[in-house]
Protein chains: 2
Amino acid sequence: MDNQDLKQEVTDKYSLRGRVFHRIREDILNGKYKDHEELKEVAIGQELGVSRTPVREAFRQLELEGLIQIIPNRGAYVTGIKVKDIEDIYMIRSKLEGLCARWACENITKEQLEEMEENIYLAEFHAARGHMEQMAELDNRFHNILYESCNSKMLEHLLKDYHQYVWRVRQKTLSSSRGAVSNVEHKFIMEAIRENNPDKAEELANQHMINAYENMVDKGLLSMFE
Amino acid sequence: MDNQDLKQEVTDKYSLRGRVFHRIREDILNGKYKDHEELKEVAIGQELGVSRTPVREAFRQLELEGLIQIIPNRGAYVTGIKVKDIEDIYMIRSKLEGLCARWACENITKEQLEEMEENIYLAEFHAARGHMEQMAELDNRFHNILYESCNSKMLEHLLKDYHQYVWRVRQKTLSSSRGAVSNVEHKFIMEAIRENNPDKAEELANQHMINAYENMVDKGLLSMFE
DNA sequence: CATGGTATGATTGTATACAATTATACGCAA
DNA sequence: TTGCGTATAATTGTATACAATCATACCATG
């Protein structure tokens with residue numbers, strides 16, 4: 001995406017308003033702005049071709065999400081993900097993904113179930129061939145379908161936020177050999193949902209997160225966040 | 001608080017920046033601005049004695065919290081709490097308060113435990129005398145101690161947000177006869193934490209939320225959010 | 001009377017100007 | 001050299017000006 005032409009893309013996914021916000025957000029999550037780095041309103045505004053006003057508004061939102069810290073009259077500083085935060089998020093997600101899977105049993109649509117099935121089938125293909133990028137994308141999509149199928153805007157919103165938040169870690173995780181294993185777990189979760197077995201679905205989704213976390217710990221993938 | 005003198009209170013709890021945000025937030029949660037009401041930047045700015053700029057920044061944050069919806073080039077509209085949202089939040093909180101109580105077993109400090117004890121003791125006093133306002137305040141404080149004692153900024157932040165969000169409902173709930181029962185449940189949770197029994201603490205905190213929710217349903221307290 | 005187009009006003013979106021605050025650099029004295 | 005105080009620059013905080021968009025009312029036309 002071209003920095004200077006942000007204004008032209010009003011018809012795109014996000015309004016210009018949300019644009020600046022999502023752009024800065026991405027840049028933080030993707031590591032362009034490092035931990036503790038100071039974000040200056042004019043500099044970022046120039047880079048995105050807008051004035052300070054929308055940048056400031058974006059900063060306020062980013063602070064609320066915990067991605068930056070704003071010290072009054074001083075500046076905005078990137079709040080890097082800490083190992084402790086990742087651990088916490090995975091444990092929180094474990095509970096919430098479980099709840100989500102439970103609710104999905106009752107509320108998932110035929111279409112969503114079919115898309116899940118297709119997703120898993122495709123992932124088997126890419127896992128066998130070591131296509132890491134596609135695996136990450138498919139994992140992303142699987143969880144988003146799950147979130148959307150629980151029929152709770154509250155939970156969906158929350159889980160999508162956390163999912164985004166640990167994006168950096170997740171990519172690394174799937175780049176390791178867990179992709180195939182993870183996909184098998186997806187399959188079991190889907191089957192439990194299809195059988196309308198909420199206890200089983202919850203337990204499996206629960207464990208899925210714990211497994212993902214323990215895999216990261218075992219492979220030492222968290223060292224880069226210290 | 002006087003509307004016109006917001007600027008003078010810079011030394012107070014929140015900076016002026018956060019002030020406007022928290023003030024509008026309160027006004028929504030307390031029902032001053034009703035569901036679907038349109039919030040106009042100039043009007044609110046005048047009421048608070050500030051210009052549109054800080055108001056707009058506050059709007060952005062409020063939207064992220066889900067308290068208002070901003071339609072580009074149109075306006076900001078209050079998003080009232082829906083019964084479904086309350087149900088979802090209580091179920092989500094059930095899981096998370098459980099996790100929080102579990103973590104508290106390991107991480108609570110002597111001081112926090114003592115404050116909990118004092119809180120419960122005091123609540124017995126006020127419950128017996130039907131002091132509803134004090135009960136609400138004590139309940140508020142109990143949960144905040146719990147959140148702070150879990151040693152997870154992530155979980156603490158999340159639970160405090162939800163706690164605030166259902167403030168209106170909670171007040172009504174405690175105004176009914178559940179205050180005393182709720183306090184007994186607090187006592188059991190505290191004791192499980194003191195005994196360092198995470199499974200029991202989690203289960204009790206879990207059930208505490210479910211009981212609170214079912215009480216609301218039984219008493220028909222949710223009808224006012226339809 | 002219904003319909004559609006246009007003008008007008010209201011409101012939001014963005015940029016900029018000015019004020020307040022903070023960080024930095026420099027000079028001076030101990 | 002070190003420490004302190006002041007001047008200066010840089011940055012944020014707020015208000016306002018202007019642009020863009022949307023809602024409304026009015027009028028013309030069928």
Side-chain angles (χ1 to χ4, degrees), chain A residues 2-25 27-28 33-34 36-64 67-79, chain B residues 2-25 27-28 33-34 36-64 67-79:
Chain A
D2 188 355
N3 292 336
Q4 299 306 319
D5 293 327
L6 221 58
K7 279 190 181 177
Q8 316 308 324
E9 305 169 52
V10 179
T11 53
D12 277 38
K13 188 176 173 189
Y14 301 113
S15 64
L16 172 60
R17 169 174 74 81
R19 259 310 158 67
V20 178
F21 168 64
H22 284 281
R23 175 56 189 279
I24 302 175
R25 192 174 192 278
D27 284 344
I28 295 175
Y33 303 123
K34 304 273 182 284
H36 298 111
E37 184 170 342
E38 181 172 0
L39 301 182
K40 287 175 191 156
E41 295 172 356
V42 278
I44 291 181
Q46 280 182 347
E47 194 176 327
L48 271 60
V50 295
S51 77
R52 286 174 56 209
T53 310
V55 175
R56 281 182 62 85
E57 292 178 359
F59 277 13
R60 294 291 181 269
Q61 297 177 285
L62 291 166
E63 185 188 32
L64 216 66
L67 270 81
I68 64 175
Q69 183 189 5
I70 299 177
I71 302 176
N73 286 311
R74 291 266 291 276
Y77 303 87
V78 176
T79 305
Chain B
D2 188 356
N3 293 338
Q4 300 307 320
D5 293 327
L6 222 59
K7 279 190 181 178
Q8 317 308 325
E9 305 169 55
V10 179
T11 53
D12 276 37
K13 189 176 171 190
Y14 301 112
S15 62
L16 172 62
R17 169 174 74 83
R19 260 306 159 69
V20 178
F21 168 64
H22 284 281
R23 175 58 188 278
I24 303 174
R25 193 174 192 276
D27 285 344
I28 295 175
Y33 302 123
K34 304 272 183 285
H36 297 113
E37 184 170 341
E38 181 172 359
L39 300 183
K40 286 173 189 156
E41 295 172 356
V42 276
I44 291 181
Q46 281 181 346
E47 195 177 326
L48 272 58
V50 294
S51 78
R52 288 174 56 211
T53 312
V55 175
R56 282 181 61 84
E57 292 178 359
F59 278 14
R60 294 293 181 268
Q61 296 178 286
L62 290 165
E63 186 188 31
L64 216 65
L67 270 78
I68 65 175
Q69 183 189 6
I70 299 177
I71 303 175
N73 287 312
R74 291 267 290 278
Y77 302 87
V78 176
T79 305

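Order of the sequence lines sets the chain letters (A, B, ...), proteins ahead of strands, with each chain counted from 1. In this text the structure is predicted, and so the values were computed from the model without any measurement.
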Quickly work out the [X] [atom1] to [N] [atom2] distance and round it to whole Å.
{"X": "Asn73(A)", "N": "dA19(C)", "atom1": "CG", "atom2": "P", "answer": "16 Å"}
{"X": "Ile71(B)", "N": "dT12(C)", "atom1": "CD1", "atom2": "P", "answer": "12 Å"}
{"X": "Arg56(B)", "N": "dA20(D)", "atom1": "CZ", "atom2": "C1'", "answer": "12 Å"}
{"X": "Leu48(A)", "N": "dT14(C)", "atom1": "CG", "atom2": "P", "answer": "12 Å"}
{"X": "Glu41(A)", "N": "dA17(C)", "atom1": "CD", "atom2": "P", "answer": "16 Å"}

With a 4.0 Å cutoff (strictly under), does any side-chain N or O of [X] reach OP1 or OP2 of [N]?
{"X": "Arg74(B)", "N": "dT21(D)", "value": "no"}
{"X": "Arg60(A)", "N": "dG13(D)", "value": "yes"}
{"X": "Arg52(B)", "N": "dA15(D)", "value": "no"}

Here the pair of heavy atoms bringing Arg23(B) nearest to Leu48(B) is CG-CD2, 3.9 Å
Heavy-atom side-chain proximity of Glu63(B) to Thr79(B) below 4.5 angstrom: no
Could you check if a side-chain atom of Ile68(A) sits within less than 4.5 angstrom of a side-chain atom of Ile24(A), using non-hydrogen atoms only?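 In short, these two side chains do not touch, never coming nearer than 4.5 Å.
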Rounded distance [0.5 Å steps], OG1 in Thr53(B) versus CZ in Arg52(A): 10.0 Å
Residue whose closest nucleotide on DNA chain C lies nearer the 5' end, Leu39(B) versus Thr53(B): Leu39(B)
